[in-house]
Protein chains: 2
Amino acid sequence: MEQITIKDIAKALQLSVSTVSRALKGSYKISESTQRLVRDYAEKHNYKPNLNAQGLKNKKSRCIGVALCSIPNSFFAEVISGIESVAYNKDYLVIVTQNFESCEREVRNLENLTWRSVDGLLISLSTETEDYSHFQQLHEQGLPLVFFDRVTDAVRTHQVVADNAGGAASVTRHLADNGYRRIAHITSSPHISITKERIAGYRQALEERGLPFREDYVKYCLHGGMLMEETAAALDELLQMTEPPDAIFTASDRLTMNCFTLLRQRGISIPGQMALAGFSNFNSPELLNPSLTTVKQPAFEMGKIAAELLIQLIESKREVKDFQRIVLPTELEVRASSGCF
Amino acid sequence: MEQITIKDIAKALQLSVSTVSRALKGSYKISESTQRLVRDYAEKHNYKPNLNAQGLKNKKSRCIGVALCSIPNSFFAEVISGIESVAYNKDYLVIVTQNFESCEREVRNLENLTWRSVDGLLISLSTETEDYSHFQQLHEQGLPLVFFDRVTDAVRTHQVVADNAGGAASVTRHLADNGYRRIAHITSSPHISITKERIAGYRQALEERGLPFREDYVKYCLHGGMLMEETAAALDELLQMTEPPDAIFTASDRLTMNCFTLLRQRGISIPGQMALAGFSNFNSPELLNPSLTTVKQPAFEMGKIAAELLIQLIESKREVKDFQRIVLPTELEVRASSGCF
DNA sequence: CCATTCAGTGCAAACGTTTGCCCAAATAAA
DNA sequence: TTTATTTGGGCAAACGTTTGCACTGAATGG
């Protein structure tokens, strides 16, 4: 069951190794007939190029690396699934690394991935990351990069994001229209793009509805809700205000679920005493008690598109100069947790 | 920013390439002093061996492949996270493939992974798989394999599983002790190990409690709940029986959530008209309405242990003959969905 | 009819390691 | 002293590809 090599084909067909190699690659220097001959033989004998040898020669691995914060996060798990599905079809393999929201770990993962000579990278930044030089370096060295979800403009390349501002605005508007006047916002680290965009949408919607934007109604969780205590601290600060909010808009999957849990633990009724709505990709929000109003992101789609763009970048012959920023629509799903009281 | 190679070190230190290689590997033929010299230089200049070259020579890649049904499944996402965490520490990279419960896809993923010359494989079988010859072949060729969760005895190697029988028994016992007499079981494909074990536990508990085991109370979903319709069909069959069950024990994450959704859709109150409890790794079951009684598996732990065993296998000098079957405890978490009426 | 061109193919070096074998010097045994 | 043995290290082949260059024979142009 030893793999057949180009040499074997050459021997069998009385050709030289180089001819076989070129025939397989479809080089113009080889006659149609020879090409067919070689191809047929290769096919018949299930020839697979040795990737290590190919990699050694031309520094390609047909692997794409993924750098993100946490695999079990339902949003990212779906993104990975989307990535894997297009990679599979294009014969790429996917290597996933998680940084647990640590910038240091992000850098080490990156080193690891480039050491493995991945052909390109799909990146969603950690909440801690403020310095993008490690990405910039790689990019300048010509490694194709695509950012998704948590992006940066510090590197000029493709971006795939959800309509964070739009999603935030629509849920804020919805809360306002349901009669809530003091809408707080618990969000992730201020460093990352999605936070800024979501705050912007939240702020805009407040203004549209004639509600004040209050700095003290915005709470940041530097670890994006990875630690429950952090979310608890943010929530408790809000609850202990002299004029506590009557609704909370949460900016991420984990924050939303954390707040849900914490409010219940504290015996605060939803939405009676506190309305709750936020970004979440949990796939059965209607089963929660109360059912949860969510802003859903097209996670699988995001992974798909990001992977497609990356592979396109990898396989493009000439240098790509024209980078896109793809914005995917979010969807507001109204349920009981944001109902009027 | 070109990577430094062994040649560069050799040149700089006035040594031969082979000496450098051996010094780095700690071969006994090289003097302590030379080894130190080489190591220091390598360290200082951030030498990283070229993996393609290494792979080409000795067919190792320091990659481990993972084959499972679906990445976004919360159980498997956690398993992957566990795998990744130990792989990271041991300098392995993780390549994940998903088969969507298709045996054909499983085989193709396997080909892909071996083509990439992964050093070992972590496998959880698809629900469709009945023929294990593709695994047996690989195993006979000496590729280290570790099965987890959905395992088979057809290949003699390590297995890491949850205490499926125990978990099933404890939840069944719990339902019986809460007064339910007609406890049905909706489970996955009969081909996979976990199904058999869970049925066994269910059956044993019924007998312990003096309840009859009825074949018609056991419904199989061949795709493991991947399709909602399949679950719906199973559930509806139960509901339309002349003597319908008063409780349902579901055998997997997705089945549990599907049943929950479907019962709600059909206006059947839980646990009043139908109690529900089952295996699930959803991490906020207390937030559901009603809160959900679950059997939880140590998913992260399972991934960790499986990966550790695999790497041990990969790095073992002599052939391992003594294979383990590790059984991890499950945890029954009692909540409202299985309460007495 | 010779010079030029060109399609089609082969040769060999290179990519960065690993490793079997050989060799020199030093040490130990005789 | 001579002969083994050990120690430390180098040479070169090999892993499976890719690719610049050279070569051959035929076709084309003059």
Side-chain angles (χ1 to χ4, degrees), chain A residues 1-39 41-42 45-63 91 114-119 315 317, chain B residues 1-39 41-42 45-63 91 114-119 141-142 315 317:
Chain A
M1 157 80 199
E2 280 303 291
Q3 265 305 330
I4 181 180
T5 77
I6 251 182
K7 269 186 194 166
D8 301 325
I9 302 184
K11 204 167 294 171
L13 264 39
Q14 307 263 52
L15 288 170
S16 76
V17 191
S18 42
T19 304
V20 175
S21 171
R22 283 194 258 253
L24 254 16
K25 292 252 156 319
S27 166
Y28 61 99
K29 304 252 277 174
I30 305 295
S31 70
E32 269 294 321
S33 58
T34 310
Q35 290 200 25
R36 209 182 311 281
L37 188 70
V38 172
R39 291 236 178 82
Y41 188 91
H45 292 70
N46 192 31
Y47 165 76
K48 297 264 188 179
N50 180 309
L51 288 177
N52 281 318
Q54 284 189 327
L56 186 56
K57 269 312 275 187
N58 45 25
K59 286 122 178 50
K60 293 278 171 190
S61 61
R62 288 199 90 79
C63 278
D91 248 323
T114 51
W115 172 37
R116 305 282 175 156
S117 60
V118 291
D119 296 342
E315 296 183 346
K317 305 290 176 198
Chain B
M1 156 79 200
E2 279 303 292
Q3 265 305 330
I4 181 180
T5 77
I6 251 184
K7 269 187 193 165
D8 302 324
I9 302 185
K11 203 167 295 170
L13 263 38
Q14 307 263 53
L15 288 169
S16 77
V17 191
S18 44
T19 304
V20 175
S21 171
R22 283 195 256 253
L24 255 16
K25 292 254 156 316
S27 165
Y28 61 101
K29 304 249 280 174
I30 305 296
S31 71
E32 268 295 322
S33 59
T34 310
Q35 291 199 25
R36 209 182 312 281
L37 189 70
V38 172
R39 291 237 178 81
Y41 188 92
H45 292 70
N46 193 31
Y47 165 76
K48 298 263 188 181
N50 180 310
L51 288 176
N52 281 319
Q54 284 189 328
L56 186 56
K57 267 313 273 188
N58 44 25
K59 287 120 177 47
K60 294 278 169 188
S61 61
R62 289 198 89 79
C63 279
D91 249 323
T114 52
W115 172 37
R116 304 285 176 155
S117 60
V118 291
D119 295 343
Q141 284 161 42
E315 295 183 348
K317 304 290 176 198

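Naming: A, B, ... by sequence-line order, numbering from 1 per chain. Just so it is clear, the values below take in all heavy atoms, side chains as well, and ignore hydrogens, waters and symmetry mates. Note that the coordinates shown come from a computational prediction; the quantities given were computed from them, not determined experimentally.
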- Query: For Tyr41(A), what residues pass the ring-ring contact (aromatic ring centres under 6.0 Å, His included) criterion, not counting sequence neighbours?
  - Reply: His45(A)

- What string of B, S and - do you get for nucleotides 5-12 of chain D, 5' to 3', if B is base contact, S is sugar-phosphate-only contact and - is no contact with any protein heavy atom under 4.0 Å? ---BBBBB

- Item | Residue pairs involving residues 23-37 of chain A (criterion salt bridge (charged side-chain N to carboxylate O under 4.0 Å, His left out); sequence neighbours excluded) | Glu32(A)-Arg36(A)

- Listed by chain and number, what are the side chain to side chain donor-acceptor pair (under 3.5 Å) partners of Ser18(A), not counting sequence neighbours? Ser16(A)

- Non-neighbouring partners of Ser21(A) that pass side chain to side chain donor-acceptor pair (under 3.5 Å), sequence neighbours left out: none

- Message: Please report the interatomic distance NZ(Lys48(A)) to OG1(Thr5(A)), rounded to the nearest 0.5 Å.
- Response: 15.5 Å

- Note on the structure: So CG of Leu37(A) and CG of Leu13(A): to nearest 0.5 Å the spacing works out to 4.0 Å

- Message: Among residues at least two apart in sequence or on other chains, which ones pass salt bridge (Lys or Arg N to Asp or Glu O under 4.0 Å) with Arg22(B)?
- Response: none

- With sequence neighbours left out, the residues meeting salt bridge (Lys or Arg N to Asp or Glu O under 4.0 Å) with Arg116(A) are none

Contacts table for residues 49-60 of chain B: side-chain donor-acceptor under 3.5 angstrom, sequence neighbours left out:
from: Asn50(B); atom 1: OD1; to: Asn52(B); atom 2: N; distance (Å): 2.7
from: Asn50(B); atom 1: OD1; to: Ala53(B); atom 2: N; distance (Å): 2.9

- Rounded to 10°, the angle between the first-five-pair and last-five-pair axes of the helix from dC1(C)-dG30(D) to dA30(C)-dT1(D) is 50°

- Going 5' to 3' on DNA chain C, which nucleotide is the first and which the last to come under 4.0 Å of a heavy atom in chain A? dG8(C) to dG16(C)

- Item | Sub-4.0 Å heavy-atom contacts from residues 52-63 of chain B onto DNA chain C, ordered by number | Ala53(B), Gln54(B), Lys57(B), Asn58(B)

